[in-house]
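See structure below.
What you see below is based on every heavy atom in this structure, not just the backbone, and it leaves out hydrogens, waters and symmetry mates.
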Amino acid sequence: MCTSIISNRKKNIVGWNLDILDMEHRVTVSDIGVFIEINDATEGWLPLFGANSRGDFVGMPTCWPFDERSNPTSDEGRNVIMLDIDLLLQKKTLQETKEIAEKERVFSVPGVTFMSSLSDRDGNVLQIIPGQGSRYFEKPKYQVLTNFSPYKMDSEQHPWMGYDRYQIANKMLEESSDEFDVKDCFQILEAVSQEVCPTVVSMVFDVSEMTVYWCEDRQWGKVHKKRF
């Protein structure tokens with residue numbers, strides 16, 4: 001599960017709910033970014049989600065149902081996880097990532113289709129769905145990505161696809177004013193937060209102010225912040 005949103009009104013605001021089950025995570029804060037890291041049994045702690053000091057944001061929802069076209073093959077290509085990490089750690093820009101996604105095959109890990117929801121300081125959005133394609137939006141008014149392929153929408157069903165979360169977030173963003181701010185973004189994240197596959201981190205990036213806000217385990221009254 002997971003929900004990624006972006007709003008470009010008077011401010012550029014990005015929101016992210018990380019919904020995971022039985023995975024060890026931590027929030028790491030530094031001068032180069034605020035990263036949500038996952039403890040991988042092989043690689044150790046990996047910075048997979050979050051904001052950096054350049055103004056980029058990386059979200060990586062899982063796509064349900066799984067699509068076998070995202071599996072690695074013997075052909076050359078790019079691992080979507082490494083593309084996301086390179087953007088988050090400022091090794092590549094969003095535009096460089098976009099060029100890769102448009103020209104090369106992007107794959108995920110065997111048996112799991114991880115998608116990318118990426119944005120930059122200018123409010124541009126890149127969505128990568130391994131095995132299916134990529135979509136680029138130049139400073140859209142808003143965008144939402146949950147846990148289903150935007151190429152398929154609700155044509156395929158899975159209990160974790162989050163089509164209801166998608167509809168809720170879209171409706172709240174559509175009805176929002178041009179004054180949409182951090183508190184408004186947290187209201188959406190709270191409305192689409194989960195308990196069965198729990199929301200463990202909710203993060204809002206006020207890109208206009210270069211400030212990251214986050215809370216853990218749906219403790220909406222206990223918000224931390226980091227300004228770059």
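The heavy-atom pair separating N39 from E24 by the smallest distance is ND2-OE1, 2.8 Å. Between F205 and A51, the shortest heavy-atom distance links the atoms CD2-CB, 3.4 Å.
With rounding to the nearest 0.5 Å, the separation of CZ in F57 from CE in M203 is 5.5 Å. One distance of note links OG1 of T93 with CG of D86; it measures 11.0 Å at 0.5 Å rounding. Note that OG of S149 is 11.5 Å distant from CG of D154, once rounded to the nearest 0.5 Å. To the nearest 0.5 Å, the span separating OG on S7 from CG on N12 amounts to 8.0 Å. Atoms CH2 and CG, from W160 and D19 in turn, are 10.0 Å apart once rounded to the nearest 0.5 Å.
T3 and Q194 are not linked by any side-chain donor-acceptor pair at a separation below 3.5 angstrom, with hydrogens and angles left out of the test. A side-chain donor-acceptor contact under 3.5 Å links N17 and S202. When only modelled atom types and interatomic distance are considered, D67 and T113 share no side-chain donor-acceptor pair under 3.5 Å.
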- Item | From CA spacing to verdict: side chain to side chain contact (heavy atoms under 4.5 Å, CB included), Q157, Y163 | CA-CA 9 Å; Q157 296 296 311; Y163 197 69; over 6 Å; no

Item to check | D56/L118 under side chain to side chain contact (heavy atoms under 4.5 Å, CB included): CA gap, chis, key distance, verdict | outcome: CA-CA 7 Å; D56 305 307; L118 314 174; over 6 Å; no

For side chain to side chain contact (heavy atoms under 4.5 Å, CB included), just list the numbers for K222 and E216, CA-CA rounded to whole Å, side-chain angles, deciding distance to a tenth of an Å, and then say yes or no.
CA-CA 8 Å; K222 189 178 180 181; E216 298 186 58; over 6 Å; no

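Note on I32: it clusters hydrophobically with V14, by side-chain heavy-atom contacts below 4.5 Å among ILVMFWY residues. Each of L88 and Y213 belongs to its own hydrophobic cluster when Ile, Leu, Val, Met, Phe, Trp and Tyr are linked at side-chain heavy-atom distances under 4.5 angstrom.
Taking a 6.0 Å sphere around NZ of K152, one finds it holds more than 12 heavy atoms contributed by other residues, nucleotides or ligands. Counting non-hydrogen atoms of other residues, nucleotides and ligands closer than 6.0 Å to CD of Q219 gives a total above 12.
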